[in-house]
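See structure below.
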Amino acid sequence: MVLNSLQIKAKIQEAVAQVLEKHYSIPYPAEKVSIEKTSPDFEGDFTVLLFPLLKLKIGKPEEIGEKIGKYLQYEDIVSNYVVIKGFLNLTLSDKLWQNFILFTNQEWEQFLNSAHVEKPQKILIEYLSPNTNKPLHLGHLRNGFLGASLAQILKAVGHQVNTVCLFNDKGVHICKSMHAYMQNGCTHTPQEKGIKGDHFVGDLYVQFERLLQEQIETLQKNQGLSKEQAMHQAPAMQAVQELYRRWEAQEPEVLDIWKKMNQWVYEGFEQSFETFGFHFDKYYYESQTYTLGKAIVQEGLEKGIFIQKPDGSVTIDLTSEGLDEKILLRSDGTSVYITQDLGTAEKRYYDFAPHISIYVIGNEQDYHMKVLKLILQKLGKPYAQGIYHLSYGMVDLPSGRMKTREGNVVDADEIAQEMILTAQKMTQELGKTEGLTPQELEKLYRILGLGALKYFLLKVDPQKRMLFNPEESIDFKGHTGTFIQYTHARIASVLRKAKEENLIFSSTFEPIFTAPLEKKLVLWLCFYPEILLQAAAQYSPAILANYIYEGARLFSNFWAELPILRAQPAEIAQTRIILASLTGKVISHAMHLLCIEVPEKM
RNA sequence: GGUUCCGUAGCUCAACCGGAUAGAGCAACAGAUUUCUAAUCUGUCGGUUGCAGGUUCGAGUCCUGCCGGAAUCACCA
């Protein structure tokens with residue numbers, strides 16, 4: 001019994017190795033045989049590449065291909081084969097496909113389980129990790145959807161996965177919004193103003209940045225300072241640094257404001273996390289890990305890996321590794337970003353002891369993450385090797401990078417709301433609200449709006465930067481989450497009708513394939529476990545997203561060209577019902593791994 | 001300036017880790033609905049894969065050089 005494309009490929013590889021052994025007395029490792037999906041322009045399902053065999057100098061590719069084809073035919077794996085140049089194109093036998101769909105239909109769990117890795121591992125994923133001085137924006141959403149989806153995918157292939165979120169809740173940037181709040185006389189609350197806490201604090205941050213910008217410009221103009229000098233000398237900046245020193249000194253009045261403001265942000269975040277489906281096993285706070293980070297700095301000093309400068313600051317010299325000198329502790333003894341990361345890394349290890357620790361962080365921090373891993377390695381930390389930076393590309397706007405400071409950001413809550421509203425508008429325009437209660441419709445709009453948003457961000461290879469154009473917004477047609485959801489709704493609809501009409505198949509039923517599109521769909525189905533493994537191995541939900549789209553497109557062709565319920569004779573109808581059912585199951589399962597829901601009706 | 005990453009159709013993205021004639025969507029145009037949901041389907045148009053070499057049976061993919069873009073090299077996070 002074959003369950004998936006991997007097993008089919010393995011069978012073919014084995015057959016090739018046996019032919020080489022029997023006919024040419026050449027031992028050839030089966031796994032070295034390259035098998036691919038046959039190009040759509042040619043007849044066949046799988047293709048054996050014969051070129052590599054030429055190096056064995058045992059004959060022409062046509063002859064070797066002929067022998068392999070014969071053997072596979074004899075083994076009842078293929079029904080037909082053609083050798084073209086160095087390609088041996090194989091058409092798998094109907095019998096194999098019949099067994100495949102019957103078995104998969106009956107033993108769905110086994111089909112899914114065939115995607116399990118040999119060695120499950122404990123994997124920790126850190127994602128999202130926002131600053132507590134501003135609300136989430138589109139970039140956070142890419143990060144969040146990537147992390148949340150990756151966790152699902154890794155679980156689906158059998159790993160043990162935990163997710164954590166680190167709040168960057170301390171630092172100079174946090175003090176900026178605090179400073180603005182204090183300047184305003186510590187008046188007003190989010191409740192009073194009727195806005196979410198994270199937005200309330202974010203507005204203060206922007207207010208501060210404006211003030212700072214003004215001061216810098218004035219200093220530059222009046223005193224002829226460089227931009228950098230002006231920034232350090234600006235009264236607002238000095239006030240913030242002073243505030244930060246007081247924070248690290250744990251002055252109660254500063255801590256009180258800090259706690260109050262952070263609490264507002266967490267309340268706002270909680271709402272957003274719920275909307276977007278971000279769930280974590282544990283939260284970390286830099287305000288709680290930086291002291292551990294300082295202890296590690298001390299440890300490094302004792303081991304002679306770090307250097308203390310005369311002014312008191314601590315650094316590490318990485319120039320021999322092709323990097324620079326990195327500061328680990330300021331001269332006034334306060335911690336920097338990486339100090340905190342050292343502490344957090346240590347703490348996570350003691351909490352979860354993962355084999356692999358994935359950090360979902362933007363590629364702007366490639367250098368930082370390289371340094372972090374290197375330092376931990378130099379310190380001889382056992383977990384250093386398992387650190388993996390999943391570096392994803394920025395979400396750019398046509399005008400360039402999003403910058404909170406300059407206010408040109410796409411706000412996460414806003415874009416979600418917009419998407420949901422658009423979904424509502426489209427559903428109403430298309431007249432598809434019938435038969436659904438107001439509550440069901442509300443739910444549908446959310447599923448559609450958020451689905452389109454998530455799919456948009458997940459379909460692109462994580463490593464590549466991507467562009468979001470607010471003018472064009474996100475489509476609901478074509479290569480979109482909506483199209484996939486729509487395909488699922490159609491499948492659900494036809495299956496409901498099949499049930500109503502009592503089109504249930506008997507156990508002795510033998511599927512028949514009469515159209516090429518049916519075979520294309522089966523071929524697509526059998527790849528699901530392989531795709532899952534690939535997406536997991538490459539940490540890429542995009543691979544899965546593109547696979548689902550391909551299936552939805554195939555099914556739409558199928559739907560347009562072939563009748564399902566009314567097909568005659570009944571065996572054909574039943575075969576197509578199974579195909580529809582399996583396609584629906586794969587779409588639904590895979591979409592859930594992308595954290596996208598699929599509707600039964602739309 | 002050093003380091004790293006990226007250049008594929010007008011636009012947004014693919015291309016199964018070196019395989020056959022580089023594929024989708026959007027946009028534009030032309031068609032398809034007495035039949036299971038037209039948020040769909042079919043067709044047309046659209047390419048010197050930034051440029052130049054190299055490696056080999058075979059290169060968008062690998063190596064070198066150039067051109068163009070981005071990130072980073074903070075006592076910011």
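The sequence lines fix the lettering, A, B, ..., with proteins before strands; numbering per chain opens at 1. Just so you know, these numbers use all the heavy atoms, side chains as well, and skip hydrogens, waters and symmetry mates.
- A:Asn89 comes within 4.0 angstrom of a base, heavy atoms only.
- Regarding A:Met178, its CE atom lies at a distance of 14 Å from the P atom of B:rA77, rounded to whole Å.
- Residues from residues 361-369 of chain A that place a heavy atom under 4.0 Å from any atom of RNA chain B, listed by number: A:Asn363, A:Glu364, A:Gln365, A:Tyr367.
- Considering only residues two or more places apart in sequence or on other chains, A:Lys9 meets the side chain to side chain contact (heavy atoms under 4.5 Å, CB included) condition with A:Ile35, A:Phe46, A:Phe527, A:Glu530.
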- Which dot-bracket notation, 5' to 3', represents the base pairing of RNA chain B when pairs are defined as Watson-Crick or G-U with both distances under 3.5 Å, crossing pairs as [ ], and inter-strand pairs as |? (((((((..((((.....[...)))).(((((.......))))).....(((((..]....))))))))))))....
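- To the nearest angstrom, P of B:rC75 lies 16 Å from CD of A:Glu248.
- Within 4.0 Å (heavy atoms only), A:Thr47 reaches at least one base atom of the nucleic acid.
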- Task: Could you please spell out the steps behind the side-chain hydrogen bond (donor to acceptor under 3.5 Å, both in side chains) verdict for A:Ser391 and A:Asp366?
- Result: CA-CA 7 Å; A:Ser391 161; A:Asp366 284 354; 2.8 Å; yes
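- Among residues two or more places apart in sequence or in another chain, the side chain to side chain contact (heavy atoms under 4.5 Å, CB included) test is passed with A:Lys443 by A:Ile447, A:Glu597.
- When rounded to the nearest whole Å, the span between OH of A:Tyr392 and C1' of B:rA71 equals 13 Å.
- The distance between the ring centers of A:Trp524 and A:Phe555 does not fall below 6.0 angstrom.
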Check nucleotides 38-47 of chain B for protein N or O atoms closer than 3.5 Å to its own N or O atoms and list the pairs.
unit_1, atom_1, unit_2, atom_2, d
B:rA38, OP2, A:Arg490, NH2, 2.9
B:rA38, OP2, A:Trp559, NE1, 3.2
B:rA39, OP1, A:Lys432, NZ, 2.5
B:rA39, OP1, A:Tyr486, OH, 3.0
B:rA39, N6, A:Thr427, OG1, 3.1
B:rU40, OP1, A:Gly478, N, 3.2
B:rU40, O2', A:Arg490, NH1, 3.2
B:rU40, O2', A:Arg490, NH2, 3.4
B:rC41, O3', A:Asn557, OD1, 3.0
B:rU42, OP1, A:Asn557, OD1, 2.8

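- Residue pairs meeting the salt bridge (charged side-chain N to carboxylate O under 4.0 Å, His left out) criterion with at least one member in residues 550-568 of chain A, sequence neighbours excluded: A:Lys37-A:Glu550.
- Neither OP1 nor OP2 of B:rC75 sits under 4.0 Å from any side-chain N or O of A:Arg245.
- Scanning for side chain to side chain contact (heavy atoms under 4.5 Å, CB included) contacts around A:Gln428 gives A:Gln424, A:Thr433, A:Tyr445, with sequence neighbours left out.
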Between the protein and nucleotides 8-17 of chain B, list the N/O to N/O atom pairs that are separated by less than 3.5 angstrom.
unit_1, atom_1, unit_2, atom_2, d
B:rC13, OP1, A:Leu467, N, 2.8
B:rA14, OP1, A:Asp461, N, 2.6
B:rA14, OP2, A:Lys464, NZ, 3.2
B:rC17, N3, A:Gln538, NE2, 3.4
B:rC17, N4, A:Gln538, OE1, 3.1
B:rC17, N4, A:Gln538, NE2, 2.4

Review item, nucleotides 56-58 of chain B N/O atoms under 3.5 Å of protein N/O:
none

Can you pull every protein N or O that's under 3.5 Å from an N or O on nucleotides 32-35 of chain B?
unit_1, atom_1, unit_2, atom_2, d
B:rU35, O2', A:Arg566, NE, 3.1

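- Comparing B:rU48 with B:rA30, their C1' atoms are spaced 30 Å from each other, to the whole Å.
- A:Glu600 comes within 4.0 angstrom of a base, heavy atoms only.
- Within the 4.0 Å cut-off from OP1 or OP2 of B:rU37, not a single side-chain nitrogen or oxygen of A:Arg496 is found.
- Listed by chain and number, the residues in a side chain to side chain contact (heavy atoms under 4.5 Å, CB included) with A:Lys425 are A:Glu429 (sequence neighbours excluded).
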Anything under 3.5 Å between a donor and an acceptor, one on a side chain of residues 456-465 of chain A, the other on a protein residue two or more places apart or in another chain? List them.
unit_1, atom_1, unit_2, atom_2, d
A:Lys459, NZ, A:His479, O, 3.2
A:Asp461, OD1, A:Gln463, N, 3.1
A:Arg465, NE, A:Asp396, OD2, 2.8
A:Arg465, NH2, A:Asp396, OD2, 2.6

